[in-house]
Amino acid sequence: DVKVTQSSRYLVKRTGEKVFLECVQDMDHENMFWYRQDPGLGLRLIYFSYDVKMKEKGDIPEGYSVSREKKERFSLILESASTNQTSMYLCASRPGLAEGYNEQFFGPGTRLTVL
Amino acid sequence: AQSVAQPEDQVNVAEGNPLTVKCTYSVSGNPYLFWYVQYPNRGLQFLLKYITGDNLVKGSYGFEAEFNKSQTSFHLKKPSALVSDSALYFCAVISSGSARQLTFGSGTQLTVLP
């Protein structure tokens, strides 16, 4: 079974802190994604990566950056956390190159609270 | 542009009754359509997808969905609901051959009453 793990289930940070969210997948998938999930808004794509050292902006990249130095690991960085970044963050991976027809595999999520 | 609408925030159904969770979509070109389920405090799990071929798609846990091109819909169905089906359901779409990524709906909370 594909396993996608996220470094923390719950995280509490203060405004202005730099926050790192880590995601690791164990199935050699090329594609990895970071979403945030908010009630009534569904999932919104922050960033994605097709391959190592490659990244693309999603729909809401402002205030975030990412890093993919190894194929299995995709990190989301909040350079200076703000209260409006309080949310559930979901990481996902997907096999194949650009094929959109493969399903994504999701991690358990990190619930981030910024005070 | 591509978009997904899940018109119902909440669906309640009695155990043993059939259930339907609605989804309509908008894409340019042919769609790839997905249903995911999220149980409390968990990530999303893939249920089923439509890529091409038969309009009725069968997936995990007895769920199925019907692709209707003329109505641009992809409703999720199950003939007999279980209490354990209670969860948050997301529909998602991507246009085939597009460089864009999946677009998710806002989600529908399904509650199956015993």
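Reckoned from all heavy atoms, side chains included, excluding hydrogens, waters and symmetry mates. Since the structure is predicted, the reported quantities are computational estimates derived from the model, not experimental observations. Reminder, nothing fancy here: chain letters follow the sequence lines and each chain counts from 1.
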**Item:** Engaged part of A:Leu90 at the chain B interface, taking heavy atoms whose separation is under 4.5 Å
**Value:** side chain
**chain A contacts, top residue of B:Leu33, B:Asp9, B:Leu44, B:Val4 (heavy-atom pairs, under 4.5 Å)** = B:Leu44
**Item:** Check: A:Gln104 main-chain N/O paired with B:Tyr36 side-chain donor or acceptor under 3.5 Å
**Value:** yes
**Item:** Distance, nearest 0.5 Å, that separates CG of B:Leu102 from CZ of A:Phe48
**Value:** 11.0 Å
**Prompt:** Applying the 4.5 Å side-chain criterion to the ILVMFWY set and letting contacts propagate, would B:Phe34 and B:Val27 be lumped into a single cluster?
**Reply:** no
**Side chain proximity check, B:Gln101 to A:Phe33, heavy atoms < 4.5 angstrom** = yes
**Message:** Are B:Val11 and B:Tyr61 linked, directly or through intermediate hydrophobic residues, by side-chain heavy-atom contacts shorter than 4.5 Å (ILVMFWY only)?
**Reply:** yes
**Request:** Verify side-chain contact (heavy atoms from CB on, under 4.5 Å) between B:Leu47 and A:Glu103, making sure each step is shown before the conclusion.
**Result:** CA-CA 9 Å; B:Leu47 271 182; A:Glu103 58 265 32; over 6 Å; no
**Request:** Spell out, yes or no, whether B:Phe46 and B:Tyr89 are grouped together once hydrophobic residues are joined by side-chain heavy atoms under 4.5 Å, including indirect joins.
**Result:** no
**Message:** Within the supplied structure, the quantity of interest is the number of heavy atoms (other residues, nucleotides, ligands) at a distance under 6.0 Å from A:Lys71 NZ; does it exceed 12?
**Reply:** yes
**Asked** Where on A:Tyr89 is there a heavy atom nearer than 4.5 Å to chain B: the side chain, the backbone, both, or neither?
**Response** neither
**Request:** Walk me through it: do B:Gln38 and A:Gln37 pass the test side chain to side chain donor-acceptor pair (under 3.5 Å)?
**Result:** CA-CA 11 Å; B:Gln38 185 179 36; A:Gln37 180 183 2; 2.7 Å; yes
**Linked, directly or transitively: B:Tyr25 and B:Ile94 (ILVMFWY side chains, under 4.5 Å)** = no
**Prompt:** Between A:Tyr101 and B:Ile51, what is the shortest heavy-atom contact and its length?
**Reply:** CB-CD1, 3.2 Å
**Asked** Would you find more than 12 non-hydrogen atoms of other residues, nucleotides or ligands less than 6.0 Å from B:Arg42 atom CZ?
**Response** no
**Message:** Please classify the contact of A:Arg44 with chain B as side chain, backbone, both or neither, using a heavy-atom distance under 4.5 Å.
**Reply:** neither
**Complete:** So CG of A:Asp59 and OG1 of B:Thr103: to nearest 0.5 Å the spacing works out to 6.5 Å
**Item:** Cluster link B:Trp35 to B:Val37, ILVMFWY, side chain under 4.5 Å
**Value:** yes
**Asked** Between A:Tyr35 and B:Phe104, does the ring centroid distance fall short of 6.0 Å?
**Response** yes
**Item:** Least distance between heavy atoms, A:Gly40 atom then B:Ser106 atom
**Value:** O-CB, 3.4 Å
